[in-house]
Amino acid sequence: MRLSQAFVPTVKEIPADATIPSHQLMIRAGMVRALAAGVYVFLPLAQKVLARVMRIVREEMDAIGGQELLLPSLSPIELWEQTGRVKAFGDTLFHVKNRPLVLAPTHEEVVCWLARNHISSYKEMPQIWYQIQTKFRNEPRPRSGVLRGRQFLMKDSYSLDRSREGLDRAYDLHAGAYKRIFTRCGIRFFIVGASSGAMGGTGSQEFMMESPSGEDVIALSEDGTYAANLEVATSIVPAAVRVPGGTAIEEVHTPGVKTIDALSAFLKVDTRCLAKSVVYRAGDAHVLVLMMGNDSLNESKLMAVLGTDVRPLEAEKLRELTGADGGSIGPVGLRGFTILADNRLKGANGLISGANRNDYHLRNIDLERDCAIGGYHDLRTVEEGEPSPNGGGNLRIVRGIELGHIFKLGTKYADALGAMFLDENGKESPVIMGSYGIGIERIVACHIEQNHDDNGIVWDRALAPYDVHLIAVSARSAQVTEAAEALYGELGRSGVDVLFDDRKETSPGFKFKDADLLGMPYQVIVGEKNLAAGKIEIKERKTGTRTLVPKADLVATIQNLLS
RNA sequence: CGGGGCGUAGCUCAGCCCGGUAGAGCGCUUGGUUUGGGACCAAGAAGUCGCAGGUUCGAAUCCUGUCGCCCCGACCA
């Protein structure tokens with residue numbers, strides 16, 4: 001492609017609305033333009049990159065027996081009502097105003113509908129169906145360029161199996177394919193155990209890339225053998241002790257003491273003797289959760305235990321129910337609440353907690369003796385530096401971008417939509433499903449996040465829109481133009497994908513800056529002086545290394561570098 | 001949904017506090033000079049100041065409403 005004719009609107013200045021490197025560079029390199037919040041136009045350069053990503057994805061999906069299909073984006077709202085996901089998605093689901101249709105945010109329902117109508121025997125499974133298509137989600141807050149849009153490309157695959165073992169196999173096949181896909185795309189990633197959240201199901205892993213721009217928080221062990229989303233991460237922390245010969249509860253006056261730190265300082269005791277009360281509303285119920293000392297409650301874990309959404313209880317409601325304010329709440333004699341406690345407090349005594357009376361606390365609380373604990377669960381958020389549960393060293397807490405997510409869905413959707421089959425014994429069972437997604441734009445953005453420098457993008461060969469950026473330094477020189485034109489033709493004929501900067505009126509500096517910004521793996525620079533000596537310059541974008549090769553060897557050298 | 005910020009030329013922004021006929025740089029057009037790291041000179045084109053209402057002799061500027069966009073948080077299948 002000739003740059004003089006290409007639509008690659010590069011910009012020199014950093015766009016005001018872009019805050020992360022990939023977003024800034026995708027705009028500056030003329031790859032995307034925002035049409036509306038979270039909605040992007042993909043320009044020719046970006047389209048070429050997307051095509052390369054999709055090709056890799058298709059190859060790897062086909063390699064595990066996946067069959068590509070094309071599903072509609074419009075889908076009858078009735079299907080979504082049957083699985084309860086109109087409610088589950090809430091405002092995130094785009095509704096069509098003048099027909100009972102929704103814009104599909106994912107396609108489990110449609111796949112299940114297909115399976116219901118066309119899979120009736122165990123002999124017809126396993127199946128892996130996949131699609132690479134636009135999905136629509138009315139995100140409350142689109143952000144970070146193409147990383148979270150309201151419309152985005154997703155490779156989604158769905159496995160249909162007749163047994164749990166079959167599902168495990170499909171899941172493992174996908175995990176393997178995903179590793180190969182991200183590796184081939186030149187992305188350094190890691191895999192974390194994740195919460196399956198509102199998708200439902202039994203098992204789930206996320207493929208993540210470490211990035212300060214990420215929206216997820218991950219605990220990683222030092223040796224990298226443990227990685228889990230903070231929503232489910234655990235660590236090794238000492239449990240509370242049970243002291244022999246418990247003494248009776250006694251009330252202590254603690255004027256103005258509202259925090260664990262203040263209480264610890266006031267009573268001159270270790271924070272581990274303190275049981276912090278956190279109060280939530282879970283549907284119509286009220287829940288008090290006891291945490292040790294300054295441990296912070298993990299809302300995701302709490303939601304998983306309760307199986308429902310939670311939100312902090314309003315201050316007024318709290319006072320109405322307990323007669324006290326936050327900071328003075330405790331489990332003893334409390335009515336109207338379900339009381340849960342973190343595992344760390346299991347069987348503890350000698351604890352101090354709120355007295356449900358402002359400015360008073362109780363000491364010598366024995367959870368077994370004095371409280372009606374509704375259950376002990378892991379409800380704690382792990383912290384930086386705590387030992388990894390698998391002995392892989394201490395935990396680091398990092399931010400990450402989710403590139404892919406694989407789920408063992410089970411029969412949730414098949415049950416809801418009646419996708420049944422007859423097994424070997426003629427018995428009817430629901431189809432067992434898995435679902436496996438990859439964000440296509442995210443691969444592109446993440447690749448740029450990991451591969452750029454101050455001057456621009458540094459494409460990996462696998463994703464680069466072109467292999468070579470050919471520059472005619474001074475396009476007014478007849479010799480340079482002639483030589484560059486000849487090389488453009490030769491490279492093209494030998495199968496090298498070339499972007500040719502043949503612009504006549506553009507200064508050399510401008511061309512070099514554009515070439516670095518666009519980031520093709522190799523720049524072939526045709527300049528007057530080198531040409532006079534029969535030489536052509538090759539610059540490797542990644543390292544900045546420049547080599548001069550005889551003009552006659554240029555094509556062979558490039559072919560060599562690319563192979 | 002809570003908090004904060006911003007809408008002025010294609011882009012980046014000034015002007016707004018303190019009302020008085022719309023500005024700069026980059027980009028674009030034309031002519032000329034220039035050509036190894038985002039050139040120079042000259043002449044030009046280009047903006048309903050997001051939109052609506054109000055106050056005023058007069059509004060980019062003050063007031064009200066509204067829409068859009070960005071950031072932090074919440075949410076994130």
Side-chain angles (χ1 to χ4, degrees), chain A residues 9-20 23-24 27-28 30 33-39 80 83-93 104-109 135-145 147-150 152 154 156 194-201 204 206 213-217 229 231 299-300 303 309-312 401-402 405-407 409 412-413 435-437 439 442 454-456 471-477 480-481 501 503-518 523 525-532 537 539 544 546 548:
Chain A
T10 58
V11 304
K12 196 155 48 174
E13 288 168 287
I14 297 175
D17 285 349
T19 52
I20 67 169
H23 189 197
Q24 293 173 350
I27 292 171
R28 290 194 51 216
R33 289 294 184 266
L35 178 64
V39 182
W80 296 77
T83 56
R85 288 172 111 199
V86 172
K87 201 169 164 223
F89 272 103
D91 195 46
T92 305
L93 186 66
T106 172
H107 284 82
E108 280 82 7
E109 276 76 359
K135 311 254 166 163
F136 300 86
R137 297 181 188 182
N138 185 22
E139 294 291 345
R141 181 150 96 79
R143 68 179 108 182
S144 307
L147 281 178
R148 178 168 291 276
R150 293 204 165 118
F152 55 96
M154 186 155 160
D156 241 342
S195 150
S196 44
M199 285 291 288
S204 128
E206 289 170 325
S213 312
E215 299 177 277
D216 293 272
V217 185
N229 196 305
E231 293 173 350
E299 290 188 8
S300 301
M303 285 192 251
D309 278 0
V310 297
R311 57 183 55 218
I401 298 170
E402 180 183 345
H405 202 158
I406 55 181
F407 292 95
L409 288 179
K412 173 177 167 173
Y413 296 93
S435 113
Y436 318 86
R442 282 187 178 184
D454 290 346
N455 294 317
I471 301 172
V473 175
S474 39
R476 290 201 171 170
S477 149
V480 167
T481 305
D501 193 343
R503 291 175 294 183
K504 298 279 181 235
E505 305 296 331
T506 306
S507 68
F510 208 102
K511 291 183 177 178
F512 293 139
K513 288 288 186 186
D514 263 356
D516 285 350
L517 176 61
L518 299 185
Q523 294 170 17
I525 302 166
V526 185
E528 238 169 343
K529 278 181 203 143
N530 288 328
L531 189 62
E537 178 179 340
K539 175 181 162 185
R546 296 164 190 273
L548 285 177

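Excluded from the calculations below are hydrogen atoms, water molecules and symmetry mates; all remaining heavy atoms, backbone and side chain alike, are included. For clarity, every value in this text was computed on a predicted model and none was experimentally measured.
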Check nucleotides 48-50 of chain B for protein N or O atoms closer than 3.5 Å to its own N or O atoms and list the pairs.
none

Polar pairs (N or O, both sides) under 3.5 Å between protein and nucleotides 39-42 of chain B?
unit_1 : atom_1 : unit_2 : atom_2 : d
B:A39  : OP2    : A:S507 : OG     : 3.4

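Mapping A:P140 and A:R28 onto RNA chain B via the closest heavy atom, the residue that lands nearer the 5' end is A:R28.
With sequence neighbours excluded, no residue forms a salt bridge (Lys or Arg N to Asp or Glu O under 4.0 Å) with A:D216. Take A:T10 and apply the side-chain hydrogen bond (donor to acceptor under 3.5 Å, both in side chains) test, not counting sequence neighbours, and it matches A:D514. Checked against side-chain hydrogen bond (donor to acceptor under 3.5 Å, both in side chains), A:R476 has the following partners two or more places apart in sequence or in another chain: A:E505. In this structure, A:R150 has no salt bridge (Lys or Arg N to Asp or Glu O under 4.0 Å) partners at least two apart in sequence or on a different chain. Considering only residues two or more places apart in sequence or on other chains, A:H107 meets the ring pair (Phe, Tyr, Trp, His ring centres under 6.0 Å) condition with none of them. Residues that satisfy the salt bridge (Lys or Arg N to Asp or Glu O under 4.0 Å) test with A:R28, not counting sequence neighbours, are absent from this structure. By the side-chain hydrogen bond (donor to acceptor under 3.5 Å, both in side chains) test, A:E215 is found to be paired with A:R143, A:R148, residues two or more places apart in sequence or in another chain being considered. Here A:S213 pairs with nothing under the side-chain hydrogen bond (donor to acceptor under 3.5 Å, both in side chains) rule; sequence neighbours left out. Annotation: side chain to side chain contact (heavy atoms under 4.5 Å, CB included) contacts of A:R546 (sequence neighbours excluded): A:I525, A:E537, A:K539.
Across all strands shown, B:C72 is found opposite B:G2 as a Watson-Crick or G-U wobble partner, with both distances under 3.5 Å.
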Heavy-atom protein contacts under 4.0 Å, nucleotides 8-14 of chain B, coded B base, S sugar-phosphate only, - none: ---BSS-

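Between B:C69, B:C71, B:G38, one nucleotide has an atom nearer to the side chain of A:A36 than all others, and that is B:C69.
Separating the C1' atom of B:C57 from that of B:A14 is a span of 29 Å, rounded to the nearest Å.
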